[in-house]
A.B. asks: 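To start, I am sharing the structure in question, which I have written as structure tokens.
Worth saying up front: this structure is predicted, and the values here are computed from it rather than measured. Along the sequence shown, residues are numbered consecutively beginning with 1.
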Amino acid sequence: MGSYMFMVLPASILFLIFHTIPALMGIFYSFTDWNGLRPTYKIIGFSNYLNVFKDIDILNAYLFTFKFAIVTTIIVNIISLCIALALNSNVKFKNFFKGLYFMPYILSMLIVAYIFNYFFANFWIDIMGYLGIEKWMVNPLGNEKGSWLAIVFVTVWQSAAFNTVLYLAGLQTIPEDLYEASALDGANKWKEFWGITFPMIAPFFTINMVLSLKGFLQVFDQVLALTGGGPFGVTRSIALLIYKDGFSGNEFAFQSANAVIYFVVIVAISFIQLRYLQKREMNL
């Protein structure tokens, strides 16, 4: 017992110091008027929490974040499931393609975002000109309507690999006997997918959907590196808003309240999503 405690205690202490205590301090400061710099502060109760819902910048950030998270979650799971189905079939160089598709996930999102930032700024216009699409001959990151789609594209490119691995793991748990029996019954590939494949990988679909939506609701790195929240704040996510206004905008306590609210929102959405999808698994 003592040896196990010796192994667990250091990690627990570090987690307490760098995670739990700062989180509790953030919750405490959310009930104050501290701006992050002043040596003194006073308790103001729930004023910060009430004012969060009156701030138009925060409401716009919520709108962008949810729009981005929902669209990206759907696209990532569709693409990763298609890739997993292809890699699970009898294709040549299967292991090579597995490594190739997983490579983007190895890279840091910041690195990926900076690479695509350079691509959009220097090569995108030339490519669109070569294809003869003149109306797209602008940097999408500077376009108010198209900038969020560029962020979705980069995020999908980097994130699909992880979901693909989980779907592959699920596909490999399906017994071949089921497919052989369905082939004898004359079922086509489409019926096989909806009658065998999808119900059998339903738990993997559930965990992918929950993890994807939760992760994309916390979008930060790609927005920071690609647009910095611009143009004109249309791609400013909640996490970026909390970071920028909390640490450099003299709104530490106010953004701490925003962070607490957003934490509760993410937990609630993940719980509802998990309960709904698990109940759906039982009906498949």
A.B. asks: If you draw a 6.0 Å radius around NZ in K67, do more than 12 non-hydrogen atoms from other residues or ligands fall strictly inside?
C.D. replies: yes
A.B. asks: Enter the distance from L224:CG to S237:OG here, rounded to the nearest 0.5 Å.
C.D. replies: 9.0 Å
A.B. asks: Check whether more than 12 heavy atoms from other residues, nucleotides or ligands sit under 6.0 Å from atom CZ of R38, and answer yes or no.
C.D. replies: yes
A.B. asks: Is there a chain of hydrophobic side chains (I, L, V, M, F, W, Y, each step under 4.5 Å between heavy atoms) that links Y62 to I151?
C.D. replies: no
A.B. asks: Indicate yes or no for a side-chain donor-acceptor contact from E251 to the backbone of N35 under 3.5 Å, with no hydrogens or angles considered.
C.D. replies: no
A.B. asks: Name the one of I272, I266, L274 that satisfies side chain to side chain contact (heavy atoms under 4.5 Å, CB included) with S270?
C.D. replies: I266
A.B. asks: Have a look at F252 and tell me which of Y243, W34, Y41, F28 forms a ring pair (Phe, Tyr, Trp, His ring centres under 6.0 Å) with it.
C.D. replies: W34
A.B. asks: Could you walk me through whether Y105 and S159 satisfy the side-chain hydrogen bond (donor to acceptor under 3.5 Å, both in side chains) test, starting with their C-alpha distance in whole Å, then the side-chain angles of each, then the deciding distance to 0.1 Å, before giving a yes or no?
C.D. replies: CA-CA 6 Å; Y105 192 74; S159 303; over 6 Å; no
A.B. asks: Is it the case that the side chain of T72 and the backbone of A69 share a donor-acceptor pair, with hydrogens and angles ignored and the cut-off at 3.5 Å?
C.D. replies: no
A.B. asks: What's the verdict on side chain to side chain contact (heavy atoms under 4.5 Å, CB included) for M200 and L178, showing C-alpha distance, side-chain angles and the deciding distance?
C.D. replies: CA-CA 10 Å; M200 293 295 289; L178 295 177; 4.3 Å; yes
A.B. asks: Determine whether W148 and V219 fall in the same hydrophobic cluster, where Ile, Leu, Val, Met, Phe, Trp and Tyr are linked whenever their side-chain heavy atoms lie under 4.5 Å apart.
C.D. replies: yes
A.B. asks: Between V156 and F66, is there shared hydrophobic-cluster membership here, with clusters defined by ILVMFWY side-chain heavy atoms closer than 4.5 Å?
C.D. replies: no
A.B. asks: Within the side chain of Q158, is there an N or O that forms a donor-acceptor pair under 3.5 Å with the backbone of V154?
C.D. replies: no
A.B. asks: Sub-3.5 Å donor-acceptor pair from the side chain of D33 to the main-chain atoms of A253, do we have one?
C.D. replies: no
A.B. asks: To the nearest 0.5 Å, tell me how far I75 CD1 sits from I70 CD1.
C.D. replies: 12.0 Å
A.B. asks: Under a 3.5 Å cutoff, is there a donor and acceptor pairing between the side chains of Y167 and N77?
C.D. replies: yes
A.B. asks: Taking atom types as modelled, is there a side-chain donor on T235 or T227 under 3.5 Å from an acceptor on the other?
C.D. replies: yes
A.B. asks: Testing the basics here: between S212 and N208, what is the closest heavy-atom pair and its distance to 0.1 Å?
C.D. replies: OG-O, 2.6 Å
A.B. asks: For the side chain of Y262 and the backbone of L217, is there at least one donor-acceptor N/O pair under 3.5 Å apart?
C.D. replies: yes
A.B. asks: Hey, would you say the F162 and F102 ring centroids sit under 6.0 Å apart?
C.D. replies: no
A.B. asks: Under 3.5 Å, is there a donor on one side chain and an acceptor on the other for S256 and N48?
C.D. replies: no
A.B. asks: Hydrophobic clusters here meaning ILVMFWY residues chained together by side-chain heavy-atom distances under 4.5 Å, can you tell me if I115 and M103 are in one?
C.D. replies: no
A.B. asks: Does the N88 side chain pair with the main chain of A84, one donor and one acceptor, at a distance under 3.5 Å?
C.D. replies: no
A.B. asks: Indicate the ring-plane relationship of W190 and W194, choosing parallel, tilted or perpendicular according to the 30° and 60° boundaries.
C.D. replies: perpendicular
A.B. asks: Relative to the ring of F120, is the ring of W124 parallel (under 30°), tilted (30 to 60°) or perpendicular (over 60°)?
C.D. replies: perpendicular
A.B. asks: Is I27 linked to I58 within one hydrophobic cluster, defined over Ile, Leu, Val, Met, Phe, Trp and Tyr using a side-chain heavy-atom separation of less than 4.5 Å?
C.D. replies: yes
A.B. asks: Nearest 0.5 Å, what's the CD1-CD1 distance between I106 and I111?
C.D. replies: 11.5 Å
A.B. asks: Which word best sums up how the rings of F153 and F116 line up, parallel for under 30°, tilted for 30 to 60°, or perpendicular for over 60°?
C.D. replies: perpendicular
A.B. asks: Is it the case that atom CZ in F119 sees more than 12 heavy atoms from other parts of the structure closer than 6.0 Å?
C.D. replies: yes
A.B. asks: Donor-acceptor pair, distance only, cut-off 3.5 Å: does the side chain of S147 make one with the backbone of P140?
C.D. replies: no
A.B. asks: Is it true that atom CZ of F193 has more than 12 heavy atoms of other residues, nucleotides or ligands lying nearer than 6.0 Å?
C.D. replies: yes
A.B. asks: Can you check whether G228's main-chain N or O pairs, donor with acceptor, with K244's side chain at less than 3.5 Å?
C.D. replies: yes
